[in-house]
Amino acid sequence: MLTDFGYILLFIVTGAIFVGVALFVAKLVRPDRPNEIKLMTYECGEIPFGDARVQFNNRFYIIGLMFLIFEVEILLLFPWAVVFKEIGWFAFAAMFVFVFLIFIGFIYELGKGQLKWDIPKPRIPRYVEGVGVVDDDYREEKVNEPALQAD
Amino acid sequence: MGMLDKKYHDSNIIIVGLESALNWARKNSLWYEQFGLACCAIEMMATAASRYDFDRFGIIPRSSPRQADVMIVAGTVTMKMASRILRLYEQMSEPRYVISMGSCSNCGGPYWEHGYHVLKGVDKVVPVDVYVPGCPPRPEALLEGFLKLQEKITGETILEKKESEQE
Amino acid sequence: MAAILIHAAIPLTIILVYALVAIWGERKIAGFIQDRLGPMRVGGWHGWAQSIADLLKLIQKEDIIPTNASRFLFKFAPFMMFAASYAAFAVIPFSSAYIGSMINIGVFYLLAVTSILTLSVIMAGWASNNKWSLLGGMRSAAQMVSYEVPTIATVLTVVLVAGSLNLMTVTEMQAGNDTLGFLPNWLIFQNPFLIVAFIIFFISILAESHRVPFDLPESESELVGGYQTEYSGMRWAMFMLAEYADMLLLSLLGATLFFGGWNSPFGDFMGGPAWGFFWFMLKGLLLVFVMMWIRWTLPRYRVDQLMHICWNILIPLSFINLVLTALWEVIF
């Protein structure tokens with residue numbers, strides 16, 4: 001018989017085999033008539049330009065870092081949570097200090113606005129008597145236009 | 001590397017059974033590609049909405065041509081758009097079908113004579129299965145077009161044409 | 001040997017049947033919510049054969065691998081996605097008689113394995129070498145990674161009250177019917193803070209399984225198909241299956257952690273392994289139904305709103321909730 005983790009391996013293998021079998025059955029039935037246009041990258045009917053692998057916004061990296069910090073923290077909390085009821089007040093105090101310290105950093109991060117996803121300001125033109133429609137933000141935004149970055 | 005599609009010349013009981021099952025599946029799950037060119041697209045949207053309800057026939061929109069089965073050319077096909085339509089059609093995965101909706105895409109419609117910028121019928125660039133007349137066609141007409149397409153799919157075969165039948 | 005294989009194939013059967021029913025059901029629910037009928041023609045009664053037709057059609061769709069794509073990663077992503085979401089089912093106790101694997105770190109393992117989904121999504125997005133796919137993949141990674149923190153924090157809250165990581169043990173301790181004299185001993189009734197935890201958990205699993213209002217990775221009106229844009233035919237179907245399996249998995253996890261798993265709500269009445277399976281699936285599918293209901297009711301969030309909800313509201317709230325739950329457990 002398998003061990004408990006052996007069963008887990010069995011499940012992973014079963015999942016992969018199922019996908020393999022399904023794709024194989026499809027391979028038997030489906031047509032296969034590739035041509036140059038069909039194998040082109042889909043870009044809404046246009047001819048694709050450039051490589052899709054562009055530089056990405058820094059925000060994703062910061063989110064990744066924050067995630068890592070919280071995951072490690074939670075990882076450390078799991079064994080604590082299992083034996084919590086047996087230890088009682090001491091466990092509570094120890095964890096409270098731990099979570100509190102992490103939270104000071106978190107609140108600092110929030111206060112610095114690192115986790116804010118800045119969105120483009122909506123440009124609302126206004127009507128000025130005698131002048132016509134004025135777009136206040138237009139010139140200003142042109143000057144501070146950020147470097148082209150994918151979202 | 002299909003092992004069935006266009007590999008056999010002669011029919012037998014297994015192929016006939018399989019063929020009817022596959023045709024049944026194809027005709028009942030026509031996912032159309034989500035794009036509209038002109039005013040006919042409004043009627044197409046109305047057909048998908050509550051009153052006429054495409055979903056009754058299992059027809060739902062897919063936004064990527066890779067997962068779509070049928071392209072509804074809904075509206076005026078300009079010369080500029082024609083190359084895009086060809087590319088979108090080619091990028092759909094087979095089996096794929098085209099429904100030409102409305103007079104403009106059928107034959108140029110009101111731009112037939114003096115429309116210097118309009119393609120005189122989308123069938124000049126992609127093979128069309130069903131033409132739906134109207135300017136624009138009512139949702140019922142589009143649904144009728146889909147029913148005609150289903151009839152057409154029922155008669156399809158996975159066999160290769162015999163040498164004698166080929167031209 | 002045969003017994004072992006059957007043992008491993010039971011959840012697979014459940015997932016496949018569930019996916020066929022759920023896809024049809026989702027379209028019917030969508031229809032009824034939008035004052036339509038949904039599928040009506042295919043197979044006779046209320047279009048019951050609709051998902052079978054869809055499946056058969058997807059089998060015969062051509063498989064396209066774009067020239068620019070990274071072939072190996074492109075092919076590998078659906079395998080990884082489905083294998084990961086299926087492997088997580090190993091620790092779900094379907095009834096008192098069946099659980100895939102009795103490892104003693106069940107919940108922990110489940111959360112770890114579902115993180116692989118993020119990886120396969122980003123792998124699919126990157127391998128396609130398509131702008132829509134990459135944007136969808138990156139968004140999806142940011143979203144899943146962010147919402148994993150409140151999910152795990154709320155699961156931690158339940159573990160704290162239950163005192164075990166094995167889902168079977170967690171379920172067994174919820175048997176009986178004597179909270180406040182009449183309520184079942186489900187964990188959600190054990191501690192008032194667990195109700196808050198459940199709400200946070202539910203919002204987070206909506207985001208984890210890419211459901212509306214958090215379906216930004218595949219939002220059709222802006223990103224075509226997200227990371228699935230370049231996938232066609234059966235490969236795409238595998239992604240779809242994995243997403244539906246993920247939805248079921250997280251719902252079943254919620255049912256186990258908060259609603260007593262396979263325990264009958266009526267104490268010993270209608271107990272036993274077979275009824276246990278019935279109750280468990282009923283609870284899980286009820287949560288799935290609520291997810292579908294929400295999908296066809298609410299509009300979608302913007303990316304910045306999504307991140308705001310996670311980092312500024314759910315994460316602080318879930319940790320405060322954790323501390324308060326601990327306090328409650330120490331005092332009472």
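Lettering of chains follows the sequences in order, A, B, ..., and the numbering in each one begins at 1. As the structure is a computational prediction, the values presented were derived from the model and not from experiment.
For C:K131, the parts lying near chain A are the backbone and the side chain together; criterion is any non-hydrogen pair under 4.5 Å. Looking at C:I15, neither its backbone nor its side chain comes within 4.5 Å of chain A, counting heavy atoms on both sides. If you measure heavy-atom distances from C:L241 to chain A, the contacts under 4.5 Å come from the side chain alone. Contacts between C:P316 and chain A at a heavy-atom distance below 4.5 Å involve backbone atoms as well as side-chain atoms. Both the backbone and the side chain of A:Y42 come within contact range of chain C, each with at least one heavy atom under 4.5 Å from a heavy atom of that chain. Using a 4.5 Å cut-off between heavy atoms, A:M66 touches chain C through backbone and side chain atoms alike. With a threshold of 4.5 angstrom between heavy atoms, C:L111 approaches chain A through side-chain atoms but not through N, CA, C or O. Only the side chain of A:F96 has a heavy atom closer than 4.5 Å to any heavy atom of chain C. For C:I103, the parts sitting under 4.5 Å from any heavy atom of chain A are the backbone and the side chain alike. For a residue to count as touching a neighbouring chain, one of its non-hydrogen atoms must lie under 4.5 Å from one of that chain's; by this rule C:W132 touches chain A with the side chain only. Only the side chain of C:T229 comes within contact range of chain A, with at least one heavy atom under 4.5 Å from a heavy atom of that chain. If you measure heavy-atom distances from C:M238 to chain A, the contacts under 4.5 Å come from the side chain alone.
Residues C:A83 and A:A16 share a closest heavy-atom pair of CB-N, 4.0 Å. Taking every heavy atom of both residues into account, C:P11 and A:F11 meet most closely at CG-CE2, 3.5 Å. Contact between C:H7 and A:Y7 at its shortest, heavy atoms only, is CD2-CE2, 3.5 Å.
Going from atom CG of C:L156 over to atom CD of A:E73 covers 9.5 Å, rounded to the nearest 0.5 Å. The line from CZ of C:F79 to CD1 of A:I12 is 15.0 Å long, rounded to the nearest 0.5 Å. Considering CD1 of A:I63 and CD of C:Q143, their distance stands at 10.5 Å, rounded to 0.5 Å. For the atom pair CZ of A:F92 and CD1 of C:I331, the computed distance is 8.0 Å after rounding to the nearest 0.5 Å. C:F82 contributes atom CZ, which lies 9.5 Å from atom OG1 of A:T14 (distance to the nearest 0.5 angstrom). With rounding to the nearest 0.5 angstrom, the CG atom of A:L9 is 11.0 Å from the OG atom of C:S101.
Listed in order of number, the residues of residues 104-111 of chain A that approach chain C to under 4.5 Å between heavy atoms are A:F106, A:L110.
Highest contact tally toward chain A, considering only C:L322, C:I105, C:I152, is held by C:I152 [criterion: heavy-atom pairs under 4.5 Å]. Counting heavy-atom pairs under 4.5 Å between each of C:L160, C:V323, C:N129, C:N312 and chain A puts C:N129 at the top. The residue among A:G20, A:A26, A:P34 with the most heavy atom pairs within less than 4.5 Å of chain C is A:A26. With chain A as the partner, the residue from C:I315, C:N104, C:V91 showing the most heavy-atom pairs under 4.5 Å is C:I315. Listed options C:A84, C:P78, C:S115, C:A87 were ranked by heavy-atom pairs under 4.5 angstrom with chain A; first place goes to C:A87. The candidate with the highest count of non-hydrogen atom pairs below 4.5 Å against chain A, out of C:I65, C:L134, C:V107, is C:L134.
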Contacts under 3.5 angstrom, residues 74-89 of chain A side chains, donor-acceptor by atom type, not counting sequence neighbours:
| unit_1 | atom_1 | unit_2 | atom_2 | d |
| --- | --- | --- | --- | --- |
| A:W80 | NE1 | A:A91 | O | 3.2 |
| A:K85 | NZ | C:V161 | O | 2.6 |

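For A:I37, the CD1 atom sits in a packed shell: over 12 heavy atoms of surrounding residues, nucleotides or ligands are nearer than 6.0 Å.
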| message | Walk me through whether A:V19 and C:M234 qualify under side-chain contact (heavy atoms from CB on, under 4.5 Å). | response | CA-CA 9 Å; A:V19 179; C:M234 217 47 192; over 6 Å; no
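Taking 4.5 Å as the limit, some side-chain heavy atom of A:R30 sits within range of a side-chain heavy atom of C:D63. Counting heavy atoms from C-beta on, the side chains of C:E62 and A:D32 come closer than 4.5 Å.
The distance between the ring centers of C:Y147 and A:F67 does not fall below 6.0 angstrom. For A:F18 and C:Y86, the gap between ring centers reaches or exceeds 6.0 Å. Taking the six-membered ring where the residue is Trp, the centroids of A:F103 and C:F319 are separated by under 6.0 Å.
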